[in-house]
Participant: 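Before anything else, here's the structure in question.
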Amino acid sequence: MHVAVAQLDLTVGALDANARRLLEAHHSACRVGARVTLTPELSLTGFPPQDLLLRRAFLDDCAQRLQALAAQVDRGVLLVGFPETDGAHCYNAVALLRRGKVRQVYRKQVLREEEKRYFEKGGSRDAVSGVFEESGTRFALLCGDDLVKSGSVKAALEAGAQCGLIVDAHAYQMDDEVAYPAWLSARAKTLRLPLIVAQHVGGQDTQVFMGMSMAVTSTGVCAQQLPAWHEALALVRVKHGEPEVRSNQTQEASEYHVYQALVTALRDYVRKNDFPGVVMGLSGGVDSALVLALAVDALGSHRVRTFMLPSPYTSAMSLEDAETMARKLGVAHHSIALAPLMEAVTKTLTPWCDDALGALTAQNVQARLRALLLMGLSNQHNWLLLAGGNKSEAAVGYSTLYGDMAGGFAPLKDVTKARVYRLAHYRNTLGRIIPERILTRAPSAELAHGQVDQDTLPPYETLDAIIESYVERGEDAAVLLEQGISRKHLKETLQRLAVSEYKRRQAVPGPRITACAFGEDWRYPMTSKWRETLEKPERIKGSKTQKRKKGKS
């Protein structure tokens, strides 16, 4: 028999549209001989629905839409993820639709911490209720996290399950293209149970889903793998519970997957929020160059507009490189001089600033005037304003509130400066669109004569090493000293990291691609006097450093 895996890009809250897409996928699968169609976790609602799950009206709409969908399933089995409520509790559930009705419901048994806000966990009897037979094979319905604990699968195996059908929603983190298949294969081998997994694909707010749904044999062999970053409907041939090995794995470079994650997140944020296009400031620097490349790859050049907003400190090189790149990509590019506005604001503020604006004040005025113009264009034309800030800048507050931090979406929010350069070089391997000078010149905000970032920041390779160790992996500061990071740079960076939290709380949303993204996983107080010692701490017996965990949110 054949199981169809529907890897779909669904939209949170679009219940009617999602139901239509699920039914279309099922009908397509049935036409090519599938007996069962497997869809992702909470496929009816889109993932993650978050606090929509706290609304009774939303849950009622889901229940009605599920019944209406079931009535249209006239052949085969369609498996749909949905929020089930019994009046008092809500469950992350999977419905088995067959012959016009909801025939069985399975409730997820292992909940992540963030899910406990919305769901109660199912019990061992729910595992049995998720076992069903089709064409002589006994399948067990499961959710991805149920595989973490072997005990949650035990009841299904005791009920005679020969193959696990897994609904999942695994949000992308860097290197998942290697780590996730390896983990799934190891779990199948440990459980001695073949697994077929349906994943979401596409962007939803700050999360992005890679797809790469899989079928794995009970010995841990990858039998089939759907493509990353694209919707797909694939048939998995199952014989005596085991999926037939028809491996079509791809081994793309890590930069490919990170780049596609950013493109996917941007494309879906624009599409799902009905923006006609995007607008951005093009500075001639590497960050805005990469954002422009991402925007054109996501949306096409006709939906991207760029503006150069030169001040008296903008170099001729920046003007030339920005214009060259815009021309290569075929985007509409314009220039608005900032000097008249700077003069007007300076004249207005000077009497209130001891007859002279301070250097930092003058620099921030420039950044905020640029934001004023770009936000005006965004408002006028309903274009989404893209912010160009990166994770390295956000970590140490090297940004201007209501200036370069302004916008509607920040594609590089979780991307360190070193990774920005790697992605820019990677994009040039697909076609040299980023001028070489942008990649080789010293980074500068160009808010003052001769300014470069390293006037006030550690070298980016040092700063990024601190971020990746201290923020993303949750390691102690002492570990960085052992790795050769200078005490001076480490102390300065940790101080700036602590005092810049108030800026990050107001930052533009952007895609999460690491284990610890600012605004998603980093939850430190804005007001705090604690600073970590740079000496190796003596551990209290039984204590350990809390490492960052890979997860769905």
Side-chain angles (χ1 to χ4, degrees), residues 172-175 206 208 253-266 278 280-298 304 306 317-318 321-322 325-326 329 386-400 404-405 407 409-446 451-454 456-469 471-472 493 504 507-519:
Y172 172 76
Q173 290 180 28
M174 288 188 303
D175 301 323
T206 60
V208 59
S254 175
E255 286 79 8
Y256 164 82
H257 287 286
V258 175
Y259 192 85
Q260 289 302 318
L262 301 179
V263 167
T264 300
L266 175 55
V278 299
M280 59 174 289
L282 194 58
S283 68
V286 68
D287 296 315
S288 67
L290 181 58
V291 170
L292 176 56
L294 291 166
V296 171
D297 289 343
V304 181
T306 59
M317 183 191 309
S318 294
D321 289 346
M325 185 172 177
L329 288 173
L386 301 182
N390 61 60
K391 190 172 190 174
S392 303
E393 295 167 348
V396 293
Y398 193 67
S399 54
T400 302
D404 55 307
M405 289 180 66
F409 198 72
L412 306 182
K413 181 174 182 176
D414 202 24
V415 182
T416 59
K417 190 74 168 188
R419 196 167 290 122
V420 167
Y421 278 102
R422 289 200 294 271
L423 291 172
H425 281 289
Y426 164 76
R427 181 57 182 85
N428 268 3
T429 66
L430 308 179
R432 298 194 66 80
I433 59 170
I434 302 176
E436 188 64 24
R437 286 192 302 194
I438 290 178
L439 300 175
T440 56
R441 64 185 294 197
S444 170
E446 291 194 324
Q451 181 189 60
V452 294
D453 293 1
Q454 259 59 73
T456 53
L457 296 180
Y460 274 118
E461 58 269 23
T462 300
L463 176 57
D464 290 349
I466 295 171
I467 293 170
E468 290 169 8
S469 174
V471 175
E472 294 178 2
T493 299
R504 292 189 292 269
V508 178
R512 173 187 185 268
I513 62 167
T514 68
C516 187
F518 293 131

Participant: My understanding is that only residues two or more places apart in sequence, or in another chain, count here; which of them pass salt bridge (charged side-chain N to carboxylate O under 4.0 Å, His left out) with Lys391?
Facilitator: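 With neighbours one apart ignored, the set is Asp414, Glu472.
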Participant: A side-chain contact here means heavy atoms from C-beta on lying under 4.5 Å apart; do Arg427 and Asp297 qualify?
Facilitator: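 They are in contact (side-chain heavy atoms under 4.5 Å apart), so the answer is yes.
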Participant: Please name the pair of heavy atoms, one in Leu262 and one in Pro411, separated by the smallest distance, quoted to 0.1 Å.
Facilitator: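 The answer is CD2-O, 3.4 Å.
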Participant: Rounded to the nearest 0.5 Å, how far apart are OG1 of Thr514 and CZ of Arg419?
Facilitator: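 Going from OG1 on Thr514 over to CZ on Arg419, the span is 7.5 Å.
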Participant: Using 0.5 Å steps for rounding, measure from the NZ atom of Lys417 to the CG atom of Asp287.
Facilitator: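 That separation rounds to 3.5 Å.
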Participant: Which heavy atom in Thr206 sits nearest to a heavy atom in Pro509, and how many Å separate them?
Facilitator: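 Reported closest heavy-atom pair: CG2-CB, 4.1 Å.
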Participant: Rounded to the nearest 0.5 Å, what separates atom CG in Leu290 from atom CG in Leu423?
Facilitator: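 If we round to the nearest 0.5 Å, Leu290:CG and Leu423:CG are 5.5 Å apart.
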Participant: To check you understand the geometry: which heavy-atom pair defines the closest contact between Gly284 and Ser288, and what is its length?
Facilitator: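 Between these two residues, the closest heavy atoms are N-OG, 3.9 Å.
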Participant: By ring pair (Phe, Tyr, Trp, His ring centres under 6.0 Å), which residues pair with Tyr426, not counting sequence neighbours?
Facilitator: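 Only Tyr259 meet the ring pair (Phe, Tyr, Trp, His ring centres under 6.0 Å) criterion with Tyr426.
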Participant: Would Arg512 and Gln173 count as a side chain to side chain contact (heavy atoms under 4.5 Å, CB included) if you check the C-alpha gap in whole Å, the side-chain angles of each, and the deciding distance to 0.1 Å?
Facilitator: CA-CA 7 Å; Arg512 173 187 185 268; Gln173 290 180 28; 3.4 Å; yes
Participant: Search all heavy atoms of Val508 against all heavy atoms of Ala387 and return the closest pair with its distance.
Facilitator: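 Where Val508 meets Ala387 most closely, the heavy atoms are CG2-CB, 4.3 Å.
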Participant: For a 4.5 angstrom cut-off between non-hydrogen side-chain atoms, does Leu294 reach Leu412?
Facilitator: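 SC-SC contact between Leu294 and Leu412 confirmed.
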Participant: Which atom names give the shortest non-hydrogen contact between Val286 and Ala424, and what distance separates them?
Facilitator: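 Reported closest heavy-atom pair: CG2-CB, 4.2 Å.
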Participant: For the CZ atom of Arg504 and the CD atom of Glu393, what is their distance to the nearest 0.5 Å?
Facilitator: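 It comes to 13.0 Å.
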Participant: What's the spacing between Met325 CE and Leu282 CG if we round to 0.5 Å?
Facilitator: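 Between atom CE of Met325 and atom CG of Leu282 there are 7.0 Å.
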Participant: Is it the case that the side chain of Ser469 and the backbone of Ala465 share a donor-acceptor pair, with hydrogens and angles ignored and the cut-off at 3.5 Å?
Facilitator: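 Such a contact is absent between Ser469 side chain and Ala465 backbone.
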Participant: Distance from Leu329 atom CG to Thr306 atom OG1, nearest 0.5 Å?
Facilitator: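 If I round to the nearest 0.5 Å, the distance is 9.0 Å.
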Participant: When you look at Leu439 and Asn428, which way does the side chain to side chain contact (heavy atoms under 4.5 Å, CB included) test go after all the steps?
Facilitator: CA-CA 10 Å; Leu439 300 175; Asn428 268 3; 3.6 Å; yes
Participant: If every non-hydrogen atom of Arg441 is compared with every non-hydrogen atom of Ser318, which pair is closest and at what distance?
Facilitator: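 Shortest heavy-atom separation between Arg441 and Ser318 comes out as NH1-OG, 2.9 Å.
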Participant: So, Ser392 versus Asp464: side-chain donor-acceptor pair below 3.5 Å or not?
Facilitator: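 Present: a donor and an acceptor within the cut-off.
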Participant: Can you check whether Val258 reaches Tyr172 side chain to side chain, under 4.5 Å on heavy atoms?
Facilitator: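 The answer is yes; the side chains approach within 4.5 Å.
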